[in-house]
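Numbering of ligands and ligand atoms starts at 1, following listing order. We number each residue from 1, following the sequence as shown.
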Amino acid sequence: MSASELYTIGCWVMVGLAVATVVAVGLIVAPYGRHNRGGWGPQINAKLGWVLMEAPSIVVFAGVYLGGEHRAELAPLVMLALWQIHYVNRTIVYPLRTRSSGKTMPLFIAAMALVFNLGNAWLNAVWISALGDYTTAWLTTPAFIIGALLMVGGFALNVWSDHILINLRRPGETGYVMPDCGPHRLVAAPNYLGELIEWTGWAVMTWSFAGLAFALYTAANLVPRAVAHRRWYRERFADYPPERRAIIPYVL
Ligand code: NDP
């Protein structure tokens with residue numbers, strides 16, 4: 001089977017996974033973070049889990065990228081840089097900053113995410129450095145410019161929102177506080193909104209099936225979880241503003 005055929009099949013598998021995920025996580029909230037609970041088998045340290053499960057997005061992506069014939073061209077290099085900035089934050093900076101000492105996550109969740117990230121990294125890297133063909137002129141197209149702006153803006157929202165959440169706790173604390181500043185005044189999960197904008201931007205910027213499939217998967221995974229976060233806040237904080245939406249201000 002050629003890389004091109006494998007790529008197309010892989011993208012369709014990811015679309016299928018997105019459909020399965022939106023159904024599954026709509027019925028059963030993924031058991032990590034505030035939604036962690038017993039009954040999901042062995043647990044591992046939460047920080048270690050994040051590093052292990054996200055690592056393929058740096059390592060596999062870089063390895064596959066370097067094997068592609070377009071690896072030294074400017075447009076793919078810009079895409080590589082944007083991808084790696086996101087994943088160096090997600091894999092190394094974010095877990096190191098979280099105040100979650102002693103917290104765990106199910107090994108099952110980390111393993112599922114690791115397998116997903118292996119496939120997703122391969123699909124996106126093989127497209128931008130081998131199968132796709134972006135000339136330098138692509139950098140001045142509306143798709144690239146709008147996509148890149150969305151990606152950078154989404155990243156900023158994601159990092160800002162996570163920064164606020166992380167600082168709700170003092171060092172050593174592991175409890176939960178009602179967030180009440182910045183983008184958290186509008187929605188329960190602005191970090192997820194930022195993530196969704198980012199990968200929508202990636203899909204537009206790369207104008208690729210892999211980018212579209214990943215953006216769909218991100219929405220399938222994070223929109224139901226944002227709804228679960230909002231429900232969780234409303235159950236625990238009597239003064240939680242009822243007009244605060246889950247992920248899209250004033251809408252959802
Ligand atoms: P959460 O918003 O649930 O948690 C983010 C961090 O803030 C955690 O350390 C959490 O602690 C802490 N925190 C959250 N709310 C509070 C609160 N009210 N009071 C005190 N501390 C709080 O995000 P996730 O853990 O689900 O995701 C982390 C990042 O990963 C996000 O940026 C998200 O966008 C991204 N992500 C991306 C996915 C994708 O499909 N592309 C999938 C999943 C996540 P604790 O862990 O103890 O709850």
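- Considering backbone and side-chain atoms alike, Arg90 places an N or O below 3.5 Å from some N or O of ligand 1.
- What sits closest to atom 31 (C) of ligand 1 on the protein, heavy atoms only, is Asp162 OD2, 3.5 Å.
- Distances between N or O atoms of Thr174 and those of ligand 1 include no value under 3.5 Å.
- Side-chain rings of Tyr7 and Trp127 approach one another, their centers coming within less than 6.0 Å.
- Protein heavy atom in closest approach to atom 16 (C) of ligand 1: Tyr176 CD2, 3.6 Å.
- Annotation: atom 42 (C) of ligand 1 to nearest protein heavy atom, Asn221 ND2, 3.5 Å.
- Between atom 11 (O) of ligand 1 and the options Arg236, Arg169, Lys103, the minimum heavy-atom separation is to Arg169.
- Side chain of Arg244 to backbone of His184: a donor-acceptor contact under 3.5 angstrom is found.
- In this view, Phe209 and Trp12 satisfy the ring-ring contact (aromatic ring centres under 6.0 Å, His included) rule, not counting sequence neighbours.
- A salt bridge does not link Arg234 with Asp239: every distance from a Lys NZ or Arg NE/NH1/NH2 to an Asp or Glu carboxylate oxygen is 4.0 Å or more.
- Using the six-membered ring where Trp is involved, Trp138 and Tyr134 have ring planes that are tilted, between 30° and 60° apart.
- Here the shortest heavy-atom distance to atom 13 (N) of ligand 1, taken over Thr218, Asn167, Leu165, Leu157, belongs to Leu165.
- Protein heavy atom closest to atom 26 (O) of ligand 1, with residue, atom name and distance, is Tyr192 OH, 2.5 Å.
- For the pair Arg34 and Tyr233, the cation-pi criterion (under 6.0 Å, within 45° of the ring axis) is fulfilled.
- Relative orientation of the Tyr87 and Trp83 rings is tilted, given thresholds of 30° and 60° on the angle between their planes.
- Atom 3 (O) of ligand 1 has its closest protein heavy atom at His229 NE2, 3.0 Å.
- Considering only non-hydrogen protein atoms, atom 9 (O) of ligand 1 sits nearest to Thr98 CG2, 3.4 Å.
- Of all protein heavy atoms, the one lying nearest to atom 36 (N) of ligand 1 is Glu195 OE1, 4.0 Å.
- Remark: the backbone N or O of Gly175 is paired with a side-chain donor or acceptor of Arg169 at under 3.5 angstrom.
- The heavy atom nearest to atom 6 (C) of ligand 1, out of those in Phe214, Tyr94, Trp50, Tyr32, is found in Tyr94.
- For Leu222, no nitrogen or oxygen atom sits less than 3.5 Å from a nitrogen or oxygen atom of ligand 1, counting backbone and side chain alike.
- Given atom 2 (O) of ligand 1, the protein heavy atom at minimum distance is Asn191 ND2, 2.9 Å.
- Contact check for Ser100 versus Thr174: no side-chain heavy atoms found under the 4.5 Å cut-off.
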